[in-house]
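Below, each value reflects all heavy atoms present in this structure, side chains not excepted, and no hydrogens, waters or symmetry copies. Within every chain, numbering begins at 1; the chains are lettered A, B, ... in the order of the sequence lines, protein sequences first and strands thereafter.
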2 protein chains.
Amino acid sequence: MLKEPAEKPIERVLQALADGTRREMVERVSQGPVTVSELARPLAMTLAAALQHVQVLERSGLVNTEKQGRVRLVKIDPEGLSVLREWLDERRSLWEKRLDGLSAMLQEKPKR
Amino acid sequence: MLKEPAEKPIERVLQALADGTRREMVERVSQGPVTVSELARPLAMTLAAALQHVQVLERSGLVNTEKQGRVRLVKIDPEGLSVLREWLDERRSLWEKRLDGLSAMLQEKPKR
DNA sequence: GAAAGAGTCAAGTGAAAACTTAACTATTTT
DNA sequence: AAAATAGTTAAGTTTTCACTTGACTCTTTC
């Protein structure tokens, strides 16, 4: 009974990864857990801005976070990228099938 | 000696796919070549807007286009999604490696 | 060859997204 | 307990992006 937008996971993942700063963060987090400050430091931006990016990443399922004392630890979440991989696999098989059949009938009939 | 932004391919691909309208277009183009008007018709938007999306898709390498008479044919370009797949595989192996080693030393030393 | 169809270009508008600032909370440190 | 650290929130600003409008070009039809 939810009337929410119910945005699809793939939507969130792609939007999250469309931003270069967030891709850098994913890169960094892939090496191991980091705090928000550690993520912010090398990026010319305030802590507040970095946190906003982390929140976007978390909503997308690309990372998990956990508050430990006054620090928030950010870890990679395999779920996020597997959503992307599944989407990718579906699309690929979709047109690879089509392209296979294509070589058989390379003569295009001109439409007008 | 190019001082250009030289935006990376993956940047363009992810930005292109971040938009739902463009994902629909990719979907449609995956079924076979279409004209810009055909892409525009089912989407509540002007031809000009649809064309702008097609241009973004083309710059990203997700589609190719070719002008035939007064019509522009849009086709899928496998290059685009393979860029995405490669990026994905790199990142995944990056942290899968890390996660493997992780099970060996599940005792985290508390940092404070 | 005039009209219609399909696309193209350049500006401009509006809304979403990225950032900043400033005030505030919850932990550690000293 | 005071000061410093790390994060959080809300509000406002700036930038980016999707989309429209209107003028124009190049085919194809009639």
Atom [atom1] of [X] and atom [atom2] of [N]: how far apart are they, to the nearest Å?
X     : N      : atom1 : atom2 : value
A:R12 : C:dA17 : CZ    : C1'   : 15 Å
B:M45 : D:dT20 : CE    : P     : 6 Å
B:E11 : D:dT16 : CD    : P     : 12 Å
B:R70 : D:dT28 : CZ    : C1'   : 4 Å
A:K67 : C:dT25 : NZ    : P     : 13 Å
A:Q68 : D:dT5  : CD    : C1'   : 16 Å
B:D19 : D:dC17 : CG    : C1'   : 9 Å
A:Q15 : C:dA17 : CD    : C1'   : 10 Å

Which of these nucleotides, [options], is closest to any side-chain atom of [X]?
X     : options               : answer
A:A49 : C:dT20, C:dA4, D:dA4  : C:dT20
B:L47 : D:dT8, D:dC19, C:dT8  : C:dT8
B:L51 : D:dC17, C:dT8, D:dC19 : C:dT8

Discussion item. Short of 4.0 Å, heavy atom to strand atom, which residues of residues 52-63 of chain A count as contacting DNA chain C?
Written reply: A:Q52, A:H53
Item to complete: Could you tell me whether the phosphate oxygens of C:dT20, OP1 or OP2, come under 4.0 Å of any side-chain nitrogen or oxygen in A:T46?
Response: yes
Item to complete: Please check the phosphate of D:dA6 (OP1 and OP2 only) for any side-chain N or O of A:R72 closer than 4.0 Å.
Response: no
Practice prompt. Find out whether A:E79 and A:V83 are in side-chain contact, i.e. whether some heavy atom of one side chain is under 4.5 Å from a heavy atom of the other.
Written response: yes
Worksheet item: Using a cut-off of 4.0 Å on non-hydrogen atoms, how would the nucleic acid contact of A:R22 be classed: base, sugar-phosphate, or nothing?
Response: sugar-phosphate
Discussion item. Quick check on DNA chain D: between A:V71 and A:A48, whose nearest nucleotide comes earlier from the 5' end?
Written reply: A:V71
Practice prompt. Please round to the nearest 0.5 Å and tell me the distance separating atom CE of A:M45 and atom CG of A:L39.
Written response: 10.5 Å
Discussion item. If you assign each of B:V36 and A:A44 to its closest nucleotide in DNA chain C, which residue comes earlier from the 5' end?
Written reply: B:V36
Item to complete: Verify the cluster assignment for A:L14 and B:I10: are they in a single hydrophobic cluster under the rule of side-chain heavy atoms below 4.5 Å apart?
Response: yes
Discussion item. Assess the residue pair A:L84 and A:L17 against the criterion (side chain to side chain contact (heavy atoms under 4.5 Å, CB included)); give the C-alpha distance rounded to whole Å, side-chain angles, the decisive distance to 0.1 Å, and a yes or no.
Written reply: CA-CA 10 Å; A:L84 181 53; A:L17 291 176; 3.8 Å; yes
Worksheet item: For A:A16 and A:L57, which heavy atoms make the closest approach, and how far apart are they?
Response: CB-CD2, 4.2 Å
Worksheet entry | Exercise: identify the closest heavy-atom pair between B:S30 and B:I76 | OG-CD1, 3.8 Å
Practice prompt. Dump the intermediate steps for side chain to side chain contact (heavy atoms under 4.5 Å, CB included) on B:D89 and B:R85, then the final yes or no.
Written response: CA-CA 6 Å; B:D89 287 346; B:R85 162 159 295 286; 3.7 Å; yes
